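To start, the structure under review is shown below, and the notes come after it.
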Amino acid sequence: MWTSWWLWPLVAVCAADSFRNEAERIMRDLPLVDGHNDLPWQLLNLFNNQLLDKRANLTTLADTHTNIPKLKAGFVGGQFWSAYLPCETQNKDVVKRTLEQMDVINRMCQMYPEDFVCVTSSEGIRQAFREGKVASLIGVEGGHSIDSSLGVLRALYHLGMRYMTLTHNCNTPWADNWLVDDGVDKAQSQGLSDFGQQVVKEMNRLGIMIDLAHVSVATMKAALKLSKAPVMFSHSSAYSLCRHARNVPDDVLQMKETGSLVMVNFYNYFVSCSEGANLSQVADHLDHVKKVAGAGAVGFGGDYDGVTRLPVGLEDVSNYPDLIAELLRRQWTEEEVRGALANNLLRVFEEVEKVSNHSETPEETPIPLDQLGGSCRTQYGYSEAPGLHQQPGALLACLVPLLFSLQPL
């Protein structure tokens with residue numbers, strides 16, 4: 001009896017160490033791909049993207065969730081860096097700002113070639129794994145970044161964008177965001193407008209992953225039904241466990257038309273719907289996605305450096321092995337763990353690449369002028385002659401003086 005008082009705690013510690021050791025063994029062979037990290041946003045806010053600033057050194061960077069030593073400790077071998085601009089840039093300078101954020105991601109790879117390599121394909125990720133570097137990919141967070149232009153969408157693809165979140169925390173002129181489901185915003189497109197459907201089709205044609213984090217449920221369902229390729233949620237959790245409209249409801253998880261992917265978010269308010277959360281609760285979300293959608297639908301989208309509150313035990317990117325150890329403790333098989341680490345994302349990416357067809361005729365019908373916001377827009381291309389496609393009220397206003405001029409005096 002005496003021995004049991006000290007033996008069981010010792011057994012528990014040894015068991016914990018064994019799960020952690022097993023997690024590290026697996027991750028050394030197959031590192032983790034994370035779907036969403038906002039370090040580029042921090043580089044903009046803290047240093048105005050001046051990477052030569054000594055404080056911006058990514059090997060010693062402090063007060064962020066992410067730096068190079070933390071990535072190595074977390075066995076992060078692939079990272080979708082977010083090119084993110086807030087909704088206030090919509091109809092203003094969002095395209096310029098997005099290009100700047102994509103540029104800073106590319107410069108990260110140039111400045112730290114021993115640690116990062118910028119890639120644009122699933123094979124590029126696998127090659128980075130072989131080289132022991134972090135495969136760095138660009139995800140554009142928010143469809144407002146293309147300014148309702150298929151030409152801009154194509155240009156961003158050619159510059160390296162490999163997923164785009166259809167909305168952020170605002171509607172675009174062609175897709176509804178999650179705040180519609182909370183009643184904060186009004187639905188404008190009932191999911192996807194006709195132009196929004198063109199955007200999805202063009203993303204399929206190009207080989208851009210469709211990211212449904214931040215969109216309304218109607219937009220989720222419309223995109224899932226329309227897309228020929230799997231879609232992703234780059235940083236969303238399970239609505240059944242935390243009833244926050246940023247999370248994915250079960251009826252969407254059950255839509256298996258395209259074999260899509262949910263990369264679970266770590267933000268406390270999406271994990272526990274409260275200020276506090278812990279690692280075990282994040283594992284609960286991973287368990288739920290696995291149970292409802294299957295083990296092939298699970299991934300990690302920590303949202304590091306984009307959120308202010310993180311679960312105890314997952315304070316920065318170095319803690320990923322502890323989460324993997326928890327999954328092993330919950331009797332996830334090694335195959336299921338490997339899927340969540342990288343193989344599920346690679347499968348989705350490869351399917352998106354297979355569906356792409358650059359020889360197919362591009363979508364090119366522009367969004368109607370009256371659906372665009374902003375007061376600083378020019379109207380080149382929207383009419384063959386000045387005023388030809390003006391709105392009826394504006395046309396009438398132009399004609400009235402002419403009609404009066406024709407009356408007899």
Side-chain angles (χ1 to χ4, degrees), residues 24 26-41 43 51 58-59 61 65-84 101-141 156-165 206-209 211 230 232 234-235 261 263-264 298-306 316-318 320-321 323-324 337-354 356:
E24 291 190 12
I26 296 170
M27 297 177 83
R28 284 191 184 94
D29 184 59
L30 183 69
L32 178 143
V33 178
D34 178 276
H36 192 88
N37 186 300
D38 279 297
L39 181 61
W41 174 245
L43 295 174
L51 297 184
L58 297 187
T59 60
L61 183 63
H65 304 142
T66 312
N67 62 26
I68 290 170
K70 291 175 182 176
L71 288 166
K72 290 180 177 178
F75 295 93
V76 178
Q79 182 64 69
F80 282 88
W81 302 107
S82 176
Y84 158 73
Q101 292 311 100
M102 295 175 70
D103 170 70
V104 82
I105 294 166
N106 281 305
R107 286 191 290 124
M108 285 166 55
C109 294
Q110 293 168 357
M111 286 192 67
Y112 303 92
E114 298 301 313
D115 302 297
F116 300 139
V117 56
C118 283
V119 304
T120 57
S121 67
S122 58
E123 178 52 33
I125 296 175
R126 296 183 189 278
Q127 180 61 33
F129 287 176
R130 291 190 285 269
E131 295 175 1
K133 298 179 182 181
V134 178
S136 296
L137 301 103
I138 298 173
V140 169
E141 187 179 16
L156 295 187
Y157 168 81
H158 291 301
L159 291 172
M161 175 181 72
R162 286 302 178 267
Y163 80 61
M164 184 177 75
T165 320
L206 289 166
I208 303 170
M209 285 181 279
D211 178 22
M232 67 187 301
S234 68
H235 57 305
L261 180 67
M263 308 186 86
V264 169
V298 185
F300 304 97
D303 211 355
Y304 284 112
D305 284 305
D316 61 55
V317 298
S318 70
Y320 269 117
L323 182 55
I324 301 306
V337 166
R338 285 174 172 270
L341 285 172
N343 288 339
N344 294 341
L345 181 279
L346 287 168
R347 171 187 58 81
V348 169
F349 201 174
E350 287 165 357
E351 287 298 318
V352 169
E353 290 169 334
K354 288 177 184 176
S356 68

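This one's a predicted model, so the numbers in the text were calculated from it and none came from an experiment. This chain uses plain numbering: 1 for the first residue, then up along the sequence.
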Search all heavy atoms of [X] against all heavy atoms of [Y] and return the closest pair with its distance.
X	Y	result
Met27	Gly74	CE-O, 3.4 Å
Gln79	Val76	OE1-CG1, 4.0 Å
Thr66	Asn37	OG1-ND2, 2.9 Å
Gly35	Phe80	O-CB, 3.3 Å
Phe129	Gly77	CE2-O, 3.3 Å
Ala83	Met102	CB-CG, 4.0 Å

Side-chain donor-acceptor pair under 3.5 Å between Tyr320 and Asp34, yes or no? yes
Run the side-chain hydrogen bond (donor to acceptor under 3.5 Å, both in side chains) test against [X] and tell me which residues pass, sequence neighbours left out.
X	answer
Glu350	Arg126
Asp115	Lys72
Asn106	none
Thr165	Asp211

Rounded to the nearest 0.5 Å, how far apart are [atom1] of [X] and [atom2] of [Y]?
X	Y	atom1	atom2	answer
Ile138	Cys118	CD1	SG	6.0 Å
Phe75	Asp29	CZ	CG	11.5 Å
Ile208	Met161	CD1	CE	3.5 Å
Ser234	Glu141	OG	CD	6.5 Å
Leu346	Leu30	CG	CG	7.5 Å
Leu51	Asp103	CG	CG	8.5 Å

Which residues share a side chain to side chain contact (heavy atoms under 4.5 Å, CB included) with [X], sequence neighbours left out:
X	answer
Met263	Met232, Leu261, Leu345
Val119	Val117, Ile125, Ala135, Leu137
Glu351	Pro230, Lys354

Assess the residue pair Val134 and Tyr112 against the criterion (side-chain contact (heavy atoms from CB on, under 4.5 Å)); give the C-alpha distance rounded to whole Å, side-chain angles, the decisive distance to 0.1 Å, and a yes or no. CA-CA 10 Å; Val134 178; Tyr112 303 92; over 6 Å; no
Who passes salt bridge (Lys or Arg N to Asp or Glu O under 4.0 Å) against Glu123, sequence neighbours left out? Arg130
Apply salt bridge (Lys or Arg N to Asp or Glu O under 4.0 Å) to Asp316 and list each qualifying residue two or more places apart in sequence or on a separate chain. none
Quick one: ring pair (Phe, Tyr, Trp, His ring centres under 6.0 Å) partners of [X], sequence neighbours excluded?
X	answer
Phe116	Trp81
His36	His235
Tyr84	Trp41, His168

So do the side chains of Val352 and Tyr163 get within less than 4.5 Å of each other, counting heavy atoms only? no
Check whether any side-chain heavy atom of Leu71 lies under 4.5 Å from a side-chain heavy atom of Leu58, and answer yes or no. no
Check whether Asn344 reaches the backbone of Gly299 with its side chain - one donor and one acceptor, N or O, closer than 3.5 Å. no
So, does Arg162 use its side chain to make a donor-acceptor pair with the main chain of Gly139 at under 3.5 Å? no
Check the pair Leu43, Met108 against side-chain contact (heavy atoms from CB on, under 4.5 Å), reporting the backbone distance first and the verdict last. CA-CA 10 Å; Leu43 295 174; Met108 285 166 55; 3.9 Å; yes
